[in-house]
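Note: hydrogens, waters and symmetry copies are ignored here, and every other heavy atom, side chains too, is used. Letters A, B, ... are given to chains in the order of the sequence lines, protein chains preceding strands, and every chain is numbered from 1.
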2 protein chains.
Amino acid sequence: MLLNKRRTYEIMEEQHLEALIATTPENVYYTSQSWSPTHWSLRHDVQVYVVLFKDEAIAPVLIMPLGNVGLAIDALAEGYELIPYGTFHIVTTGTKLEGWSERIRKIIEDPCQPDPIDTLVKVLNERGLVRGTIGIDERNLTDDHLNRLRNSLDKVELKPAYALLKRIRQVKTDEEIKRIRRSIGVIEAAVAHSLAAARVGVTEAQLARELEKAVVAGGARPLFTVIAGGQNSAYPASHPSDRKLEKGDILRFDVGCRYEHYCSDIARTAILGEPAEKQRSYYMAILEGEQRALRELAPGVPVKHIFEVAVKAVRQAGIPHYKRNHCGHGIGLDLYETLLVAPNDATVLEEGMVVNIETPYYELGFGGLQVEDTALITADGYTCLTTIERDLRSVPV
Amino acid sequence: MLLNKRRTYEIMEEQHLEALIATTPENVYYTSQSWSPTHWSLRHDVQVYVVLFKDEAIAPVLIMPLGNVGLAIDALAEGYELIPYGTFHIVTTGTKLEGWSERIRKIIEDPCQPDPIDTLVKVLNERGLVRGTIGIDERNLTDDHLNRLRNSLDKVELKPAYALLKRIRQVKTDEEIKRIRRSIGVIEAAVAHSLAAARVGVTEAQLARELEKAVVAGGARPLFTVIAGGQNSAYPASHPSDRKLEKGDILRFDVGCRYEHYCSDIARTAILGEPAEKQRSYYMAILEGEQRALRELAPGVPVKHIFEVAVKAVRQAGIPHYKRNHCGHGIGLDLYETLLVAPNDATVLEEGMVVNIETPYYELGFGGLQVEDTALITADGYTCLTTIERDLRSVPV
């Protein structure tokens, strides 16, 4: 199961919530395992809700457009009730079918309400949720949706819950960790494949294509592909260009993919030929900062401490003017999950959190150097989920 | 240029807007050609704005995080002013650099405000936008952002403008049409490549991987991949499964990719072996409906008329019980652009609109049949942008 049930119920208790409603594609998928491609691409224009109740005796409910039901049935977490809305014309002949087709036939043949908000109100009413506080993920609702809900639930206090759901998602379940590991496995193989194609005269765009081919061949989807050479490597979110690699160039990879919807994000740096002294010594400094930060990871440690260790170590190791806004972030279903390794983030690490650590250095005219890894916080420290070597690579020229 | 300037100014005039502000990644990209990967993946958590002024003498402004500036400079539409906010540590040594690096150096070395909303207010104030009505794309702002804007602009009326921007986007520019054509070219080649791999014993997931490999090899990114065989083909948004294809199966493709951010969406149907009589005759009926609908496309025609023609033709041609909610949709930067070929959509076709036409048929226990094509509305009718044959395919067994 993707959902961290224990943490969900603890946080609902802490916030005095009678129910918690997910509306964004990410939170709907996380709470129900039901994935709707139209919801992900059309967002506000497709309304899907998952309702979790404080009373665990009440089955969680997934409310979705009738046309998406086929897909949901297969993946929906056990014990959930599926309530469709709207009309969609799938012909059923009344004859008994096999497996899911029979479950879907019953759902399709049952009459349903035309509107998602009316359906949600009915679900809450029928389960006695007529007063108290309900947390609702506000991000995928329009003002019109929210106003209609408020008017229909006049004794209920609706509290925005997008941030709360993201807080629940901070501590990963085994299934999530498995998927993150596999996402990392795919991107690591893709980095190796793309690096193997690097040589003088090849363009950033060609290397990006090689990387993305390997991502797809690994059963994942490209998420972001920053492959930047020479001066371009100084721009953090550079788009792979048609610039040809030259001898002496820095080649910076900051790349990620999605595997079964879970993200990976890794950075590595290579030099075309033998590294120049500044390239080598600055890289050693950022690597030192990253490794020192990694070694501090453990339950109970505030993330701002990790940040301080990273920046201080890079400065001491050879870049005295080093500055950063953050040295890492949470990762999971989103590329940036809640938690920034930064001075103003109050998060204290817990077992099960998954954190990226990075110490990039950008200098116009010189280029950018970067190393980034993903770690799982364990009971007594951390395990690094990324596995490929972190040294500055040298591409033979 | 992606932006349809003429239509933008006409609609601003019609709505009495002094300025129009884009905030969602799609609308920001459309109005400025500046693409930020973090904005696209983090949405509300990254604030980027494009401000267009009714007074064409005032240069449009792009407001974005300082860390994204490098990427923006390259692609930003001519004549736009770039105003960054926030802090991001890119080292500059003060030495003069070449090309964009020099432009970026100047931007980075200029002091900027920490906050996006403060920056937006300052931009509006400095340009005299202190009263009147301003349209603002409300979809990527939180309540907090909107309240702060309202408080700082107390003589300005802020009107939600997400729908207005999507209305502007209905009529495509030449650059958009070029990209849609190329996106279609990639997906068509990928369908051919995947179909060539279809045979008894191959799984839906294997064919999906072949399709996505060809998409990436074509320089595009997978967007959605519905490849469904046998009974699974009856579910509109089916996820490719490990079910092996069998002789006599329907094999339904409903697939799309993004090429330079523009979407394609095409559907084709094949049978493993010789089509059974019902498969053949039903497919002929939906194809007849789709082709009749296509032939009606022309400026001045209401989309609901297209819908009626499609449904009526399918019924007359062999599926008397045929029903649909819609028989197509706009396409472009979003998979579904504003315009639904449906009875309750009031849109009247205009030259430059790009429309998908489809007449899928879904029957549980039998399967799903689908044909879908993309057409550009021209001065005297339409041009079909999809090019591969529409007949029911037969995969040799």
Side-chain angles (χ1 to χ4, degrees), chain A residues 35-38 41-42 44-45 67-71 74-75 86-93 95 97-98 101 104-105 108 138-139 142-143 160 209 212-213 215-217 219 221-224 226 231-232 234-239 241 321-325 334-336 361-366, chain B residues 35-38 41-42 44-45 67-71 74-75 87-93 95 97-98 101 104-105 108 138-139 142-143 160 205 209 212-213 215-217 219 221-224 226 231-232 234-239 241 321-325 334-336 361-366:
Chain A
W35 185 78
S36 154
T38 50
S41 67
L42 307 179
H44 287 71
D45 296 330
N68 286 346
V69 162
L71 189 63
D74 185 29
T87 48
F88 192 89
H89 300 294
I90 300 182
V91 175
T92 60
T93 54
T95 10
L97 300 163
E98 280 167 26
S101 292
I104 292 171
R105 182 182 70 79
I108 291 172
E138 72 283 8
R139 282 277 172 96
T142 62
D143 280 351
R209 193 164 307 184
E212 296 191 357
K213 273 190 210 170
V215 164
V216 172
R221 289 225 171 140
L223 177 61
F224 72 102
V226 175
Q231 290 212 13
N232 289 350
Y235 310 120
S238 186
H239 189 67
S241 77
H321 56 282
Y322 189 69
K323 278 188 189 169
R324 274 292 288 172
N325 289 336
D334 278 326
L335 178 57
Y336 276 68
Y361 174 75
Y362 305 108
E363 180 182 321
L364 289 188
F366 164 69
Chain B
W35 184 78
S36 154
T38 51
S41 68
L42 307 180
H44 287 70
D45 296 331
N68 286 346
V69 162
L71 189 63
D74 185 31
T87 49
F88 192 88
H89 301 294
I90 301 183
V91 175
T92 61
T93 54
T95 12
L97 300 163
E98 280 167 26
S101 292
I104 292 172
R105 181 181 70 79
I108 290 172
E138 73 283 9
R139 280 278 172 99
T142 61
D143 280 350
R209 193 163 308 183
E212 297 191 356
K213 273 191 212 169
V215 164
V216 172
R221 288 223 173 142
L223 176 62
F224 72 101
V226 174
Q231 290 213 11
N232 290 350
Y235 310 120
S238 188
H239 189 67
S241 76
H321 54 282
Y322 189 68
K323 280 188 190 169
R324 274 292 287 172
N325 290 336
D334 278 327
L335 179 58
Y336 276 69
Y361 174 74
Y362 304 108
E363 181 182 320
L364 288 188
F366 165 69

- Note on the structure: Ranked by heavy-atom pairs below 4.5 Å to chain A, first place among B/R139, B/H321, B/R324 goes to B/R139
- Query: With only heavy atoms counted, which part of A/L42 is less than 4.5 Å from chain B, the side chain, the backbone, both or neither?
  - Reply: side chain
- Item | Side chain / backbone / both / neither for B/I90 at chain A, heavy atoms under 4.5 Å | both
- Task: Please look at A/Q231 and chain B and tell me whether the side chain, the backbone, both or neither of the residue comes under 4.5 angstrom of a heavy atom of that chain.
- Result: side chain
- Could you look at A/T142 and say if it's the side chain, the backbone, both or neither that has a heavy atom under 4.5 Å from chain B? side chain
- So what's closer than 4.5 Å to chain A heavy atoms on B/A217: side chain, backbone, both or neither? both
- Residues passing the ring pair (Phe, Tyr, Trp, His ring centres under 6.0 Å) test with A/Y322, sequence neighbours excluded, are none
- Item | Which atom of A/K213 lies closest to which atom of B/V216, heavy atoms considered | N-CG1, 3.4 Å
- Message: Between A/S36 and A/N68, is the side-chain hydrogen bond (donor to acceptor under 3.5 Å, both in side chains) condition met? List the steps.
- Response: CA-CA 7 Å; A/S36 154; A/N68 286 346; 2.9 Å; yes
- Query: Taking only residues two or more places apart in sequence or in another chain, which ones pass ring pair (Phe, Tyr, Trp, His ring centres under 6.0 Å) with B/Y362?
  - Reply: A/F88
- Interface moiety of A/R221 toward chain B, non-hydrogen atoms closer than 4.5 Å: side chain
- The interface call for A/L223 against chain B, heavy-atom contacts under 4.5 Å, is backbone
- Minimal non-hydrogen separation, B/P236 against B/V226, with atom names: O-CG1, 3.9 Å
- Of all heavy-atom pairs between B/L364 and A/L97, which one has the smallest distance, and what is that distance? CB-CD1, 3.7 Å
